[in-house]
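Read through the structure below, which is laid out as structure tokens, and then see the notes.
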Amino acid sequence: MQFHSRSTVGTLHKVQVGRQIEKITVEENAEKICNKRMVAYTSGVATVSDATSITDNGLRELYVDYSTRYGSSSASATTDATNFVAQNKDEKRKITVELNSEYDIESIRAGDFITVQNFDYEISSLQVVKLQYNMDKITLE
């Protein structure tokens, strides 16, 4: 078995609109935002909220009855509420960047980071989670 040494921190690639970038697509989805969650357990309700998200997006709350799941454990209900709000308090962004051969497209790997320069919408140090090669282009998500 061979082990290959690769840094756990991905490489940062800086690209420019009008030079290496052919196309950028930005999709923002705010449908599933939840910035206040109330989790019922047998002896009460654990409530967690995020004030910044409420200010930015309005109140979006969700009540769930997990009394059979958590019993009388307020700690489990609070942990559930905290984790759920942390994962769902902000809108989800999906950014796709198509690069041409002006950039060394073969050097980009999943896990690397991209910063787009000369663009009004801030795209800074976003991690590449998916890539697709074409003849002389690469599409990154």
Side-chain angles (χ1 to χ4, degrees), residues 1 3-141:
M1 182 184 300
F3 292 96
H4 297 281
S5 172
R6 177 151 165 86
S7 173
T8 56
V9 178
T11 303
L12 175 63
H13 302 272
K14 293 181 181 180
V15 294
Q16 294 180 359
V17 172
R19 186 167 173 208
Q20 299 105 348
I21 298 176
E22 295 277 321
K23 178 177 157 184
I24 297 178
T25 306
V26 178
E27 297 175 27
E28 293 182 343
N29 185 346
E31 280 183 31
K32 296 182 180 179
I33 291 176
C34 177
N35 47 34
K36 180 179 180 182
R37 180 163 168 110
M38 296 157 286
V39 178
Y41 56 102
T42 55
S43 55
V45 176
T47 302
V48 173
S49 62
D50 185 276
T52 303
S53 177
I54 292 170
T55 300
D56 293 345
N57 304 296
L59 179 61
R60 300 196 183 187
E61 59 188 352
L62 179 63
Y63 173 88
V64 291
D65 184 352
Y66 283 164
S67 54
T68 56
R69 179 184 291 184
Y70 296 134
S72 62
S73 175
S74 65
S76 295
T78 302
T79 299
D80 175 291
T82 301
N83 291 340
F84 191 88
V85 168
Q87 293 173 1
N88 295 285
K89 65 182 178 157
D90 299 314
E91 63 193 6
K92 304 296 181 202
R93 295 192 313 167
K94 179 181 176 185
I95 299 173
T96 305
V97 178
E98 185 177 292
L99 299 177
N100 60 32
S101 60
E102 288 288 318
Y103 193 83
D104 180 13
I105 60 177
E106 294 178 12
S107 69
I108 301 173
R109 304 277 184 261
D112 286 355
F113 298 89
I114 296 290
T115 293
V116 175
Q117 299 172 328
N118 303 340
F119 194 55
D120 291 336
Y121 189 91
E122 183 179 347
I123 300 174
S124 178
S125 298
L126 292 184
Q127 191 166 29
V128 176
V129 294
K130 181 179 176 183
L131 43 89
Q132 179 179 9
Y133 287 96
N134 294 331
M135 289 292 285
D136 57 348
K137 296 178 184 174
I138 186 173
T139 302
L140 311 171
E141 286 186 18

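Just so it is clear, the values below take in all heavy atoms, side chains as well, and ignore hydrogens, waters and symmetry mates.
Interatomic distance, Thr96 OG1 to Leu131 CG, rounded to the nearest 0.5 Å: 12.0 Å. In this structure, the separation between OG on Ser49 and CZ on Arg60 is 15.0 Å, given to the nearest 0.5 Å. Residue Ile114 holds its CD1 atom at 10.0 Å from CD1 of Ile123, rounded to the nearest 0.5 Å. We find the OG-CG distance between Ser101 and Asp136 to be 5.0 Å, quoted to the nearest 0.5 Å. Thr52 OG1 to Lys89 NZ: the interatomic distance, rounded to the nearest 0.5 Å, is 7.0 Å. One distance of note links CD of Glu106 with OH of Tyr133; it measures 6.5 Å at 0.5 Å rounding.
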Original post:
Glu27 and Asn29: side chain to side chain contact (heavy atoms under 4.5 Å, CB included), yes or no, with the steps?
Top reply: CA-CA 7 Å; Glu27 297 175 27; Asn29 185 346; over 6 Å; no

**OP:** For Leu99 and Ile108, run side chain to side chain contact (heavy atoms under 4.5 Å, CB included): C-alpha distance rounded to whole Å, both residues' side-chain angles, the deciding distance at 0.1 Å, then the answer.
**Re:** CA-CA 11 Å; Leu99 299 177; Ile108 301 173; 3.5 Å; yes

Original post:
For Glu61 and Met38, what are the C-alpha separation, side-chain angles and deciding distance, and is it a side chain to side chain contact (heavy atoms under 4.5 Å, CB included)?
Top reply: CA-CA 8 Å; Glu61 59 188 352; Met38 296 157 286; 3.6 Å; yes

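Counting heavy atoms from C-beta on, the side chains of Gln20 and Asn100 come closer than 4.5 Å. Contact annotation: the side chain of Ser73 never approaches that of Tyr41 to less than 4.5 Å [non-hydrogen atoms, C-beta and beyond]. The closest side-chain heavy-atom distance from Lys36 to Leu59 is below 4.5 Å. By the 4.5 Å heavy-atom criterion applied to side chains, Glu91 and Ile33 are counted as neighbours.
No donor-acceptor distance shorter than 3.5 angstrom exists from the side chain of Asp112 to the backbone of Val128, with no hydrogens or angles considered.
Here the rule is side-chain hydrogen bond (donor to acceptor under 3.5 Å, both in side chains) with Ser53, and of Thr55, Asn57, Asp56 only Asn57 fits it. When each of Thr79, Leu62, Val64 is paired with Phe84, the side-chain contact (heavy atoms from CB on, under 4.5 Å) condition holds for Leu62 and for no other.
Heavy atoms of other residues, nucleotides or ligands lying less than 6.0 angstrom from NZ of Lys14 number 12 at most.
The side chain to side chain donor-acceptor pair (under 3.5 Å) contacts involving residues 118-127 comprise Glu28-Tyr121, Arg93-Tyr121, where partners must be two or more places apart or lie in separate chains.
Residues meeting the side-chain hydrogen bond (donor to acceptor under 3.5 Å, both in side chains) test with Asp65, sequence neighbours left out: Ser67.
Side-chain contact of Tyr66 with Asp80: a donor-acceptor pair under 3.5 Å is absent, judged by distance alone.
Nearest heavy-atom pair, Ala46 versus Thr78, reported as atom, atom and distance to 0.1 Å: CB-OG1, 3.5 Å.
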